[in-house]
Amino acid sequence: MFNVSCIQLTSDNNVFSNLEKTTDLIINSIKKKADLIITPENTSLFTLDHSELLEKAEQMNNNFFLESISRISKSYKKWILIGSLPIKLSKKLLANRSVLFNSNGKIANYYDKIHMFDVKLSNKEKYEESKKFLAGKKKVLAKLPWGLLGFSICYDVRFPNLYRDLAKKGAIFITVPSAFTKTTGEKHWHTLLKARAIENFSYVFAAAQTGKHYNDRLTYGHSLIISPDGEILKEKEKGEGFIIARIDENLPNKLRAKIPSLKSN
């Protein structure tokens with residue numbers, strides 16, 4: 001058994017202030033006995049401006065945001081997943097990347113978001129993520145002390161084959177750090193996440209952005225920790241903060257033994 005925490009944020013375009021409040025919430029969740037801490041998509045920088053992303057994003061090496069999180073991870077001996085941050089690949093290319101630190105403060109693995117959020121919700125609300133980020137190509141898992149964790153980010157949740165492949169490879173925990181829009185969140189967020197948990201008998205850890213951001217964009221919040229049989233263990237509806245739940249790493253395989261759907265195509 002271990003404790004997982006999902007951090008909920010209203011990030012903006014100031015990397016330094018985002019780091020300060022992220023750090024505070026991580027440390028506070030650790031004080032509440034969290035062993036694995038997960039932050040949302042766009043933790044370090046929340047902006048739709050491509051030039052601002054290129055200006056403020058850093059490469060993986062010598063990345064002050066990641067170095068700060070690494071120090072916390074090492075100091076407290078905790079696993080920390082930064083749900084996503086923009087990583088500069090070249091002068092013009094970015095990745096939307098999840099980065100996982102082990103309890104020694106080392107990067108255990110990272111994942112680049114595969115499915116780009118290119119949608120038109122209305123004449124006033126549209127998103128063109130593929131114009132800003134290079135889509136990832138690899139499905140990624142990491143070995144935690146409690147079992148295998150599969151990575152995903154936000155819009156990925158609409159592509160169930162990704163999760164089925166991760167589960168078939170042994171993942172019993174799935175992370176879905178997100179910045180879900182208020183529009184789509186109200187309609188689909190809970191249903192999609194519960195479906196991914198039930199389909200694969202996997203825990204789902206979904207840390208989310210919330211509220212009205214500096215650029216007037218609205219995100220849905222409702223960070224969730226969901227059991228492998230679809231039960232919502234903890235939820236934070238609004239506001240910045242965190243939730244913590246006790247996790248039984250044996251439960252996914254017990255359920256998979258009873259209903260062996262993962263063994264079928």
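Excluded from the calculations below are hydrogen atoms, water molecules and symmetry mates; all remaining heavy atoms, backbone and side chain alike, are included.
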Participant: Please say yes or no: joined through hydrophobic side-chain contacts below 4.5 Å, possibly via intermediate residues, are Y110 and L166 part of one cluster?
Facilitator: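 Hydrophobic grouping puts Y110 apart from L166.
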Participant: Evaluate the side-chain proximity of D156 to Y163: yes if any heavy-atom separation is below 4.5 Å, no if none is.
Facilitator: yes
Participant: Starting at CE of M116, measure out to CD of E129 and round the result to the nearest 0.5 Å.
Facilitator: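 Going from CE on M116 over to CD on E129, the span is 4.5 Å.
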Participant: Can we call the ring centroids of F180 and F117 under 6.0 Å apart?
Facilitator: no
Participant: Quiz question: by atom type and distance under 3.5 Å, do the side chains of S11 and N42 form a donor-acceptor pair?
Facilitator: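 No pair is found: no donor N or O on one side chain lies under 3.5 Å from an acceptor on the other.
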Participant: Would you indicate whether the side-chain heavy atoms of N63 and V99 approach each other to under 4.5 Å?
Facilitator: no
Participant: Check the surroundings of atom NZ in K21: do more than 12 heavy atoms from other residues, nucleotides or ligands lie under 6.0 Å from it?
Facilitator: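 Count over threshold, so yes.
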Participant: Go through S261 and R164 one step at a time and tell me if the side-chain hydrogen bond (donor to acceptor under 3.5 Å, both in side chains) criterion holds.
Facilitator: CA-CA 10 Å; S261 56; R164 179 50 57 103; 4.7 Å; no
Participant: Ignoring hydrogens and geometry, is there a side-chain-to-backbone donor-acceptor pair from K168 to L262 under 3.5 Å?
Facilitator: yes
Participant: Just how far is it from atom OG1 of T39 to atom CG of L81, taken to the nearest 0.5 Å?
Facilitator: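 Spacing of OG1 (T39) from CG (L81) equals 6.0 Å.
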Participant: Would the distance check show the side chain of K236 and the main-chain N or O of S223 forming a donor-acceptor pair, the cut-off being under 3.5 Å?
Facilitator: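 Looks like no, no N/O pair under 3.5 Å.
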Participant: Within the 4.5 Å heavy-atom criterion, are I226 and Y203 side-chain neighbours or not?
Facilitator: no
Participant: Run the side-chain contact (heavy atoms from CB on, under 4.5 Å) test on T181 and R217 for me, step by step, so that the C-alpha distance in whole Å, both residues' side-chain angles and the decisive distance to 0.1 Å come before the verdict.
Facilitator: CA-CA 8 Å; T181 70; R217 181 176 166 187; 4.2 Å; yes
Participant: Do L162 and K139 have side chains that get closer than 4.5 Å, going by heavy atoms?
Facilitator: yes
Participant: I need the Y214 OH to S17 OG distance, nearest 0.5 Å.
Facilitator: 11.0 Å
Participant: Has E52 got a side-chain atom pairing as donor or acceptor with T47's backbone, closer than 3.5 angstrom?
Facilitator: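 Such a contact is absent between E52 side chain and T47 backbone.
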Participant: Under a 4.5 Å side-chain heavy-atom rule over Ile, Leu, Val, Met, Phe, Trp and Tyr, are W79 and V140 clustered together?
Facilitator: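 Same cluster.
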Participant: For E20, does the CD atom sit with more than 12 other heavy atoms under 6.0 Å from it, leaving out its own atoms?
Facilitator: no
Participant: At their closest point, which heavy atom of T210 faces which heavy atom of T10, and how far apart are they?
Facilitator: O-OG1, 2.7 Å
Participant: Considering only NZ, NE, NH1 and NH2 on the basic side and carboxylate oxygens on the acidic side, decide whether E186 and K182 come within less than 4.0 Å.
Facilitator: yes
Participant: In the structure I gave you, are the side-chain heavy atoms of S84 and P177 within less than 4.5 Å of one another anywhere?
Facilitator: no
Participant: When you look at N18 and F46, which way does the side-chain contact (heavy atoms from CB on, under 4.5 Å) test go after all the steps?
Facilitator: CA-CA 9 Å; N18 291 335; F46 192 100; 5.5 Å; no
Participant: Checking S178 side chain against V176 main chain: does a donor-acceptor pair fall under 3.5 Å?
Facilitator: yes
Participant: Group every Ile, Leu, Val, Met, Phe, Trp and Tyr by side-chain heavy-atom contacts under 4.5 Å, then state whether L193 and F242 land in the same group.
Facilitator: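 No, no single cluster joins them.
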Participant: I'd like to check S202 versus R256 (side-chain heavy atoms, cut-off strictly below 4.5 Å). Are they in contact?
Facilitator: yes
Participant: Once rounded to the nearest 0.5 Å, what's the spacing between atom CD1 of I198 and atom CD of E231?
Facilitator: 11.0 Å
Participant: What is the distance from atom SG of C6 to atom CD1 of I243, rounded to the nearest 0.5 Å?
Facilitator: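 The CD1 atom of I243 is 5.0 Å from SG of C6, to the nearest 0.5 Å.
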Participant: Looking only at heavy atoms, what is the nearest atom pair of Q8 and H222, with distance?
Facilitator: OE1-N, 3.3 Å
Participant: Out of curiosity, does L255 fall in the hydrophobic cluster containing I232 (side-chain heavy atoms, cut-off under 4.5 Å, transitive links)?
Facilitator: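 Hydrophobic grouping puts I232 with L255.
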Participant: Counting distance only, does the side-chain N/O of S103 pair as donor-acceptor with the main-chain N or O of K78 below 3.5 Å?
Facilitator: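 Such a contact is absent between S103 side chain and K78 backbone.
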Participant: Can any side-chain N or O of S29 pair as donor or acceptor with the backbone N or O of I26 at less than 3.5 Å?
Facilitator: yes
Participant: Report the relative orientation of the aromatic rings in Y155 and F159; use parallel for angles under 30°, tilted for 30 to 60°, perpendicular for over 60°.
Facilitator: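 Y155 and F159: perpendicular rings.
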Participant: Can you tell me which residue among V15, L19, I69, L9 is in a side chain to side chain contact (heavy atoms under 4.5 Å, CB included) with T43?
Facilitator: L9
Participant: Which heavy-atom pair separates E67 from N62 by the least distance, and what is that distance?
Facilitator: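 That closest heavy-atom pairing would be OE2-CA, 3.2 Å.
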Participant: Look at the side-chain heavy atoms of Ile, Leu, Val, Met, Phe, Trp and Tyr, link any pair under 4.5 Å apart, and say whether I153 and L45 land in one connected group.
Facilitator: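 I153 and L45: separate clusters.
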Participant: For the pair S152 (side chain) and T175 (backbone), establish whether a donor and an acceptor sit closer than 3.5 Å, ignoring hydrogens and angles.
Facilitator: yes
Participant: Can you check side-chain contact (heavy atoms from CB on, under 4.5 Å) on L66 and I87, steps first, answer last?
Facilitator: CA-CA 10 Å; L66 292 178; I87 295 294; 4.2 Å; yes
Participant: Donor-acceptor pair, distance only, cut-off 3.5 Å: does the side chain of N102 make one with the backbone of N104?
Facilitator: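 Flag set: sc N102 to bb N104 pair under 3.5 Å.
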Participant: What is the distance from atom CH2 of W189 to atom CD of E235, rounded to the nearest 0.5 Å?
Facilitator: 10.0 Å
Participant: Which atoms form the tightest heavy-atom contact between H213 and T219, and what is the distance?
Facilitator: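 Minimum heavy-atom separation between H213 and T219: NE2-OG1, 2.7 Å.
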Participant: In this structure, are over 12 heavy atoms from other groups packed under 6.0 Å from K74 atom NZ?
Facilitator: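 Not more than 12 within 6.0 Å, no.
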Participant: Kindly indicate whether the side chain of I72, heavy atoms from C-beta on, has any atom under 4.5 Å from the side chain of F101.
Facilitator: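 Contact flag for I72/F101 side chains = no.
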Participant: Please name the residue in the list F2, F151, F201 that meets the ring pair (Phe, Tyr, Trp, His ring centres under 6.0 Å) test with F173.
Facilitator: F2
Participant: Quick check against the 3.5 Å criterion: does N253 have a side-chain atom that pairs as donor or acceptor with the backbone of N250?
Facilitator: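 Pair absent, no side-chain N/O of N253 close to backbone of N250.
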Participant: Should I82 and S44 be marked as a side-chain contact (heavy atoms from CB on, under 4.5 Å) after you check the CA-CA gap, both sets of side-chain angles, and the distance that decides it?
Facilitator: CA-CA 9 Å; I82 297 302; S44 70; over 6 Å; no
Participant: Can you see which heavy atom on A57 is nearest to which on P86, and at what distance?
Facilitator: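 Where A57 meets P86 most closely, the heavy atoms are CB-O, 3.7 Å.
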Participant: Is a side-chain donor or acceptor of R196 paired with a backbone partner of V157 at a separation under 3.5 angstrom?
Facilitator: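 The answer is yes, because a donor-acceptor pair under 3.5 Å joins these two groups.
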Participant: State, with a plain yes or no, whether a side-chain heavy atom of P160 is found less than 4.5 Å away from one of E199.
Facilitator: yes
Participant: Of all the heavy-atom pairs spanning E41 and A179, show the shortest one and how long it is.
Facilitator: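 Looks like OE1-N, 3.1 Å.
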